[in-house]
Amino acid sequence: MRTRIKELRARYDMTQDDLARKVGVRRETILFMEKGSYNPSLKLAHDVAVALQTTVEELFIFDE
Amino acid sequence: MDKTAQDKVRVIALIGVSLAVITSAVAWAMFDGLLDDSIVAATTFIIVGIAALIMIFIGGSMVRNIKAGLPVDDERSQRIKEKAASNSFIFLIYLMLALGLYCDSVNSTLKATDITGISILGGAISFVAMWAYFSRMPSLD
(Lines give C-alpha, C1' and ligand atoms only; values in the text may rest on other atoms or scores of the structure.)
Protein backbone atom coordinates (compact mmCIF):
# COMPACT_ATOMS: atom_id res chain seq x y z
CA MET A 1 0.00 0.00 0.00
CA ARG A 2 1.16 3.51 -0.81
CA THR A 3 -0.24 6.80 0.34
CA ARG A 4 -0.25 10.36 -0.95
CA ILE A 5 -0.24 11.83 2.53
CA LYS A 6 3.22 13.38 2.24
CA GLU A 7 2.44 14.86 -1.17
CA LEU A 8 -0.83 16.42 -0.01
CA ARG A 9 0.71 17.58 3.26
CA ALA A 10 3.33 19.48 1.28
CA ARG A 11 0.62 20.98 -0.95
CA TYR A 12 -1.12 22.48 2.08
CA ASP A 13 2.17 23.31 3.87
CA MET A 14 1.31 21.04 6.76
CA THR A 15 3.82 19.32 9.04
CA GLN A 16 3.27 15.83 10.41
CA ASP A 17 2.56 17.44 13.78
CA ASP A 18 -0.08 19.72 12.25
CA LEU A 19 -1.83 16.80 10.57
CA ALA A 20 -1.57 14.64 13.70
CA ARG A 21 -3.09 17.42 15.80
CA LYS A 22 -5.87 17.91 13.30
CA VAL A 23 -6.97 14.27 13.24
CA GLY A 24 -6.19 13.57 16.92
CA VAL A 25 -3.39 11.02 16.66
CA ARG A 26 0.31 10.90 17.49
CA ARG A 27 2.94 12.08 15.04
CA GLU A 28 4.40 8.56 14.84
CA THR A 29 1.08 7.28 13.50
CA ILE A 30 1.17 9.82 10.65
CA LEU A 31 4.81 8.87 9.99
CA PHE A 32 4.02 5.16 9.66
CA MET A 33 0.92 5.88 7.57
CA GLU A 34 3.01 7.95 5.14
CA LYS A 35 5.40 5.04 4.75
CA GLY A 36 2.45 2.78 4.02
CA SER A 37 3.46 0.67 7.01
CA TYR A 38 0.37 1.16 9.11
CA ASN A 39 -3.19 0.24 8.12
CA PRO A 40 -5.41 2.81 9.82
CA SER A 41 -8.96 2.21 10.89
CA LEU A 42 -11.68 3.36 8.46
CA LYS A 43 -12.47 6.33 10.69
CA LEU A 44 -8.86 7.48 10.85
CA ALA A 45 -8.42 7.04 7.09
CA HIS A 46 -11.54 9.14 6.54
CA ASP A 47 -10.41 11.81 9.03
CA VAL A 48 -7.01 12.11 7.33
CA ALA A 49 -8.65 12.32 3.91
CA VAL A 50 -10.97 15.09 5.12
CA ALA A 51 -8.05 16.96 6.71
CA LEU A 52 -6.18 16.79 3.38
CA GLN A 53 -9.30 17.75 1.42
CA THR A 54 -9.43 14.57 -0.59
CA THR A 55 -11.09 11.14 -0.53
CA VAL A 56 -9.89 7.85 0.98
CA GLU A 57 -9.64 6.31 -2.50
CA GLU A 58 -7.38 9.13 -3.69
CA LEU A 59 -5.25 9.02 -0.58
CA PHE A 60 -4.50 5.29 -0.25
CA ILE A 61 -3.23 3.37 -3.26
CA PHE A 62 -3.22 -0.42 -3.10
CA ASP A 63 -0.82 -2.24 -5.37
CA GLU A 64 -2.73 -5.14 -6.97
CA MET B 1 -13.36 15.97 31.47
CA ASP B 2 -11.82 16.71 28.08
CA LYS B 3 -9.15 14.53 26.42
CA THR B 4 -6.19 16.72 27.44
CA ALA B 5 -7.26 16.73 31.09
CA GLN B 6 -7.71 12.95 30.96
CA ASP B 7 -4.20 12.57 29.49
CA LYS B 8 -2.73 14.74 32.26
CA VAL B 9 -4.45 12.60 34.91
CA ARG B 10 -3.06 9.47 33.22
CA VAL B 11 0.49 10.85 33.22
CA ILE B 12 0.25 11.75 36.92
CA ALA B 13 -1.22 8.33 37.73
CA LEU B 14 1.53 6.60 35.72
CA ILE B 15 4.26 8.50 37.55
CA GLY B 16 2.61 7.79 40.92
CA VAL B 17 2.27 4.05 40.24
CA SER B 18 5.83 3.81 38.90
CA LEU B 19 7.22 5.52 42.01
CA ALA B 20 5.16 3.23 44.23
CA VAL B 21 6.46 0.13 42.44
CA ILE B 22 10.07 1.28 42.64
CA THR B 23 9.73 2.23 46.32
CA SER B 24 8.10 -1.12 47.11
CA ALA B 25 10.86 -3.02 45.32
CA VAL B 26 13.59 -1.20 47.24
CA ALA B 27 11.73 -1.55 50.57
CA TRP B 28 11.16 -5.27 49.96
CA ALA B 29 14.84 -5.80 49.17
CA MET B 30 15.88 -3.85 52.27
CA PHE B 31 13.52 -5.46 54.77
CA ASP B 32 13.98 -8.95 53.40
CA GLY B 33 17.66 -8.70 54.19
CA LEU B 34 18.56 -9.15 50.52
CA LEU B 35 20.74 -6.05 50.49
CA ASP B 36 23.17 -7.76 52.88
CA ASP B 37 24.38 -9.64 49.82
CA SER B 38 26.27 -7.18 47.64
CA ILE B 39 25.48 -9.03 44.38
CA VAL B 40 21.75 -9.08 45.12
CA ALA B 41 21.90 -5.45 46.22
CA ALA B 42 23.66 -4.45 43.01
CA THR B 43 21.17 -6.43 40.90
CA THR B 44 18.21 -4.91 42.74
CA PHE B 45 19.44 -1.38 42.24
CA ILE B 46 20.29 -2.00 38.60
CA ILE B 47 16.77 -3.30 37.96
CA VAL B 48 15.23 -0.40 39.90
CA GLY B 49 17.46 2.04 37.99
CA ILE B 50 16.39 0.59 34.64
CA ALA B 51 12.73 0.75 35.69
CA ALA B 52 13.19 4.39 36.73
CA LEU B 53 14.85 5.24 33.39
CA ILE B 54 12.01 3.58 31.47
CA MET B 55 9.47 5.51 33.57
CA ILE B 56 11.27 8.80 32.88
CA PHE B 57 11.44 8.02 29.14
CA ILE B 58 7.77 7.09 28.87
CA GLY B 59 6.63 9.93 31.14
CA GLY B 60 8.75 12.45 29.21
CA SER B 61 7.31 11.25 25.91
CA MET B 62 3.77 11.60 27.27
CA VAL B 63 4.45 15.12 28.61
CA ARG B 64 5.96 16.18 25.25
CA ASN B 65 2.88 14.92 23.43
CA ILE B 66 0.54 16.79 25.81
CA LYS B 67 2.53 20.02 25.40
CA ALA B 68 2.39 19.65 21.61
CA GLY B 69 -1.39 19.27 21.81
CA LEU B 70 -1.16 15.66 20.66
CA PRO B 71 -2.88 12.72 22.34
CA VAL B 72 -0.93 10.46 24.68
CA ASP B 73 -2.54 7.39 23.15
CA ASP B 74 -4.07 6.72 19.78
CA GLU B 75 -5.24 3.66 17.87
CA ARG B 76 -1.73 2.63 16.80
CA SER B 77 -0.15 2.95 20.25
CA GLN B 78 -3.07 1.05 21.78
CA ARG B 79 -2.65 -1.77 19.26
CA ILE B 80 1.07 -1.93 20.09
CA LYS B 81 0.30 -2.18 23.81
CA GLU B 82 -2.33 -4.87 23.22
CA LYS B 83 0.04 -6.98 21.12
CA ALA B 84 2.89 -6.51 23.62
CA ALA B 85 0.62 -7.35 26.58
CA SER B 86 -0.89 -10.46 24.99
CA ASN B 87 2.50 -11.85 23.92
CA SER B 88 4.15 -11.14 27.27
CA PHE B 89 1.22 -12.70 29.13
CA ILE B 90 1.72 -15.94 27.20
CA PHE B 91 5.45 -15.76 27.97
CA LEU B 92 4.65 -15.24 31.68
CA ILE B 93 2.38 -18.29 31.77
CA TYR B 94 5.00 -20.49 30.09
CA LEU B 95 7.71 -19.15 32.43
CA MET B 96 5.61 -19.98 35.51
CA LEU B 97 4.93 -23.46 34.12
CA ALA B 98 8.61 -24.06 33.34
CA LEU B 99 9.75 -22.88 36.76
CA GLY B 100 7.09 -24.98 38.49
CA LEU B 101 8.13 -28.11 36.58
CA TYR B 102 11.79 -27.37 37.26
CA CYS B 103 11.15 -27.07 41.00
CA ASP B 104 9.13 -30.29 41.07
CA SER B 105 11.66 -32.32 39.12
CA VAL B 106 14.95 -30.97 40.51
CA ASN B 107 13.67 -30.50 44.07
CA SER B 108 14.84 -26.93 44.03
CA THR B 109 14.73 -24.68 47.07
CA LEU B 110 12.69 -22.10 45.16
CA LYS B 111 9.50 -21.21 47.01
CA ALA B 112 6.14 -20.52 45.38
CA THR B 113 6.57 -16.80 46.08
CA ASP B 114 9.97 -16.85 44.34
CA ILE B 115 8.43 -18.50 41.27
CA THR B 116 5.65 -15.93 41.20
CA GLY B 117 8.10 -13.05 41.60
CA ILE B 118 10.47 -14.33 38.92
CA SER B 119 7.57 -14.91 36.52
CA ILE B 120 6.15 -11.44 37.09
CA LEU B 121 9.58 -9.88 36.57
CA GLY B 122 10.06 -11.96 33.43
CA GLY B 123 6.61 -10.90 32.19
CA ALA B 124 7.42 -7.24 32.82
CA ILE B 125 10.75 -7.46 31.00
CA SER B 126 9.14 -9.30 28.08
CA PHE B 127 6.38 -6.65 27.90
CA VAL B 128 8.95 -3.85 27.61
CA ALA B 129 10.91 -5.82 25.00
CA MET B 130 7.75 -6.61 22.99
CA TRP B 131 6.56 -3.00 23.22
CA ALA B 132 9.92 -1.77 21.88
CA TYR B 133 9.83 -4.42 19.13
CA PHE B 134 6.28 -3.70 17.93
CA SER B 135 6.89 0.08 18.11
CA ARG B 136 9.60 -0.30 15.47
CA MET B 137 7.81 -2.91 13.37
CA PRO B 138 6.85 -1.52 9.96
CA SER B 139 3.52 -3.33 10.09
CA LEU B 140 1.30 -4.40 12.95
CA ASP B 141 -0.73 -6.82 10.85
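Letters A, B, ... mirror the listed sequences (proteins, then strands); counts begin at 1.
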Using every non-hydrogen atom in the two residues, find where [X] and [Y] come nearest and quote the distance to one decimal.
| X | Y | answer |
| --- | --- | --- |
| Arg21(A) | Leu70(B) | N-CD2, 3.5 Å |
| Glu75(B) | Pro40(A) | OE2-CA, 3.5 Å |
| Gly24(A) | Pro71(B) | O-CG, 3.3 Å |

Are [Y] and [X] co-members of a hydrophobic cluster defined by side-chain heavy atoms under 4.5 Å apart?
| X | Y | answer |
| --- | --- | --- |
| Leu92(B) | Met130(B) | no |
| Ile80(B) | Phe57(B) | yes |
| Tyr94(B) | Phe91(B) | no |
| Ile66(B) | Ile12(B) | no |

Distance in Å, Ser41(A) OG paired with Arg76(B) CZ, rounded so as to fall on 0.5 Å steps: 13.5 Å
Nearest-0.5 Å distance that lies between atom CZ in Arg136(B) and atom CZ in Phe32(A): 7.0 Å
Close side-chain approach of Met137(B) and Tyr38(A), heavy atoms under 4.5 Å: no
Top of Leu44(A), Val25(A), Asp17(A) for chain B proximity - count of heavy-atom pairs under 4.5 angstrom: Val25(A)
Over 12 non-hydrogen atoms of neighbours within 6.0 angstrom of NZ in Lys6(A): no
Atom OH of Tyr12(A): over 12 foreign heavy atoms under 6.0 Å: yes
Residues Arg26(A), Asn65(B); criterion side-chain contact (heavy atoms from CB on, under 4.5 Å); working and verdict: CA-CA 8 Å; Arg26(A) 295 169 63 162; Asn65(B) 276 325; 3.7 Å; yes
